Amino acid sequence: MGDMPPAATAPTKAKGHGTVMAIDNTAGTITLDHGPILEAKWPAMTMAFKAAPAIIDATKVGDKVDFDLTLTGSAGEVTAIHKQP
C-alpha cells in the first residue's frame, strides 16, 4: 500500500458572481473580476478561467454575470454563465 500514488482529487463544483473583464478566444479563456469563491477558499480577485467557445461567445466585456465552475486543484473552468439583469 505504501507504493500507491496519491488519489486524484475529485473536481469540485462552485458558483460565483462577477464582471467580465476580458475575453481571449484564441486561448479559450474568460477573465472575471469575481467575489469570494467559498468552495475554493479564494478571496475576491480577477483571474482568467478556461471556458468553452459557446460560453465565451455568450458574453461581452463589462457583462455582470453569475457563473458555475468546476475546480480541479487550484484551477477552475467556467461550465455555465448567466448575465445578470
Side-chain angles (χ1 to χ4, degrees):
M1 291 262 195
D3 294 333
M4 293 179 62
T9 304
T12 302
K13 302 290 184 191
K15 293 188 178 289
H17 310 282
T19 302
V20 178
M21 303 304 289
I23 294 169
D24 186 335
N25 289 310
T26 303
T29 61
I30 185 168
T31 300
L32 299 168
D33 179 13
H34 63 78
I37 307 237
L38 301 179
E39 297 88 347
K41 298 184 174 83
W42 290 343
M45 67 177 110
T46 301
M47 63 187 297
F49 295 97
K50 285 285 191 190
I55 291 171
I56 292 171
D57 292 344
T59 61
K60 66 182 186 309
V61 172
D63 283 348
K64 303 242 185 266
V65 296
D66 295 321
F67 57 95
D68 296 343
L69 290 172
T70 296
L71 304 167
T72 306
S74 62
E77 179 174 349
V78 175
T79 56
I81 200 160
H82 310 282
K83 291 182 189 179
Q84 295 177 356

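Source: prediction; values computed, not measured. The first residue in the sequence is number 1, and the count goes up from there.
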Val78 side chain reached by Lys50 side chain, heavy atoms, under 4.5 Å: no
Heavy-atom side-chain proximity of Trp42 to Leu69 below 4.5 angstrom: yes
For His17, all residues meeting side chain to side chain donor-acceptor pair (under 3.5 Å), sequence neighbours excluded: Asp66
Residue pair Ala22 / Val61: nearest heavy atoms and the distance that separates them: CA-CG2, 3.9 Å
Heavy-atom closest contact (Val65 atom, Gln84 atom, distance): O-NE2, 3.5 Å
Sequence-distant partners of Lys15, side chain to side chain contact (heavy atoms under 4.5 Å, CB included), two or more places apart: Asp68
Side chain to side chain contact (heavy atoms under 4.5 Å, CB included) involving Thr70 - partner list, sequence neighbours excluded: Pro11, Lys13, Thr72, Thr79
Shared hydrophobic cluster for Met21 and Ile81 (ILVMFWY, side-chain gaps under 4.5 Å): no
Cluster overlap Met47 with Ile56, hydrophobic side-chain contacts below 4.5 Å: yes
Show every donor-acceptor pair shorter than 3.5 Å between a side-chain atom in residues 27-38 and any protein atom, with sequence neighbours excluded, or say none if there are none.
| from | atom 1 | to | atom 2 | distance (Å) |
| --- | --- | --- | --- | --- |
| Asp33 | OD1 | Thr46 | OG1 | 3.3 |

Summary of salt bridge (charged side-chain N to carboxylate O under 4.0 Å, His left out) pairs that have at least one residue in residues 76-85, sequence neighbours excluded: Asp63-Lys83
